[in-house]
Amino acid sequence: MRTPKPQTTNVVELFIRIGLGFRAPRRRILGQELAGEIESVGSAVTLFKKGDQVFANTGLHLGAYAEYDCLPETGLIATKPANMTYEEAAAVPVGGLHSLHFLRKANIQSGQKVLILGAAGTIGTIAVQLAKYWGAEVTVSTAPKN
């Protein structure tokens, strides 16, 4: 007698469809990672200005494959280093911007102790580097194979 498989794939698919659209994407322009130059900013924006070179992750907002996209200044967006190409910068958001986002929320300061779980993963590898850059004492954990 075979035991039935759990219906987790159906649940995951349902949540994806709720978030992105049932028959087709709600937003026809796909893409989450982008790199480019800021064309204009709103009057309340203080972190960025027109002409800044940035890279970002749009999340479920999508739209990164468009010529233009509008993002909040507090979103997953950062200034592109001058020695990095746009192509290189567009590849960073998956782990890099998430690391930056969470470490900013934690307000890491020099001399603080930071524990990074999953330090060999996409987010963890960059989180270790950023925490060390900000002067934190970093302790990590990872699977034995890493």
Side-chain angles (χ1 to χ4, degrees), residues 6-22 24-146:
Q7 297 298 317
T8 56
T9 54
N10 291 340
V11 173
V12 170
E13 183 179 345
L14 176 64
F15 280 113
I16 290 171
R17 290 188 181 279
I18 289 171
L20 298 178
F22 280 97
R26 289 178 195 198
R27 187 125 194 235
R28 295 196 185 272
I29 301 170
L30 301 176
Q32 291 183 315
E33 292 86 19
L34 62 89
E37 188 174 304
I38 293 182
E39 183 65 28
S40 66
V41 297
S43 59
V45 174
T46 59
L47 296 176
F48 301 100
K49 64 184 182 315
K50 181 180 177 167
D52 282 352
Q53 296 180 349
V54 297
F55 59 101
N57 185 302
T58 64
L60 293 179
H61 164 77
L62 300 178
Y65 295 165
E67 187 172 349
Y68 294 96
D69 200 0
C70 184
L71 300 170
E73 75 173 322
T74 57
L76 293 174
I77 183 169
T79 304
K80 181 185 80 62
N83 64 345
M84 185 181 276
T85 67
Y86 283 115
E87 292 80 9
E88 291 168 334
V92 171
V94 175
L97 285 175
H98 282 86
S99 300
L100 182 63
H101 174 74
F102 292 121
L103 290 175
R104 278 181 179 164
K105 278 193 167 289
N107 194 24
I108 303 301
Q109 303 293 314
S110 181
Q112 284 183 315
K113 294 180 180 181
V114 177
L115 170 63
I116 298 177
L117 304 175
T122 304
I123 296 171
T125 53
I126 296 176
V128 169
Q129 295 173 58
L130 288 173
K132 290 295 288 181
Y133 174 78
W134 286 325
E137 181 183 321
V138 180
T139 302
V140 302
S141 76
T142 186
K145 66 180 179 178
N146 295 326

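Basis for what follows: all heavy atoms, side chains included, without hydrogens, waters or symmetry-related copies.
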Of all heavy-atom pairs between A35 and A90, which one has the smallest distance, and what is that distance?
CB-N, 3.9 Å
CG of L30 to OH of Y65: how many Å apart, nearest 0.5 Å?
7.0 Å
Compare every heavy atom of E73 with every heavy atom of F48, then report the nearest pair and how far apart it is.
CE1-O, 3.8 Å
What residue pairs, at least two apart or across chains, pass side chain to side chain donor-acceptor pair (under 3.5 Å) with a residue in residues 116-145?
T142-N146
Got E33 and N57 here, is their nearest side-chain heavy-atom distance under 4.5 Å?
yes
Rounded to the nearest 0.5 Å, what's the gap from OG1 on T85 to CD on Q53? Could you check?
10.5 Å
Go through the steps to decide whether I77 and L47 satisfy the test side chain to side chain contact (heavy atoms under 4.5 Å, CB included), and finish with yes or no.
CA-CA 10 Å; I77 183 169; L47 296 176; over 6 Å; no
Indicate the atoms forming the closest heavy-atom contact of A136 with V114, along with that distance.
CB-CG2, 3.6 Å
Smallest heavy-atom separation, A127 atom then S99 atom, equals N-OG, 3.4 Å
When rounded to the nearest 0.5 angstrom, what distance separates CZ in R104 from CG in L76?
9.5 Å
Can you confirm whether E37 sits close enough to Y86 that some side-chain heavy atom of one is under 4.5 Å from a side-chain heavy atom of the other?
yes
Any donor-acceptor N/O pair, T58 side chain to H61 backbone, under 3.5 Å:
no
One should read off an interatomic distance between I116 CD1 and I123 CD1, to the nearest 0.5 angstrom, of 11.0 Å
Closest approach of A119 and V128, non-hydrogen atoms and distance?
CB-CG2, 3.9 Å
Point-to-point distance, once rounded to the nearest 0.5 Å, from CG of L103 to CD1 of I108:
5.5 Å
What distance do F55 atom CZ and L100 atom CG have between them, rounded to the nearest 0.5 Å?
7.5 Å
Might you point out which heavy atoms bring V138 and A131 nearest each other, and give the distance in Å?
CG2-CB, 3.6 Å
Note, Q32 side chain near L62 side chain (heavy atom, < 4.5 Å):
yes
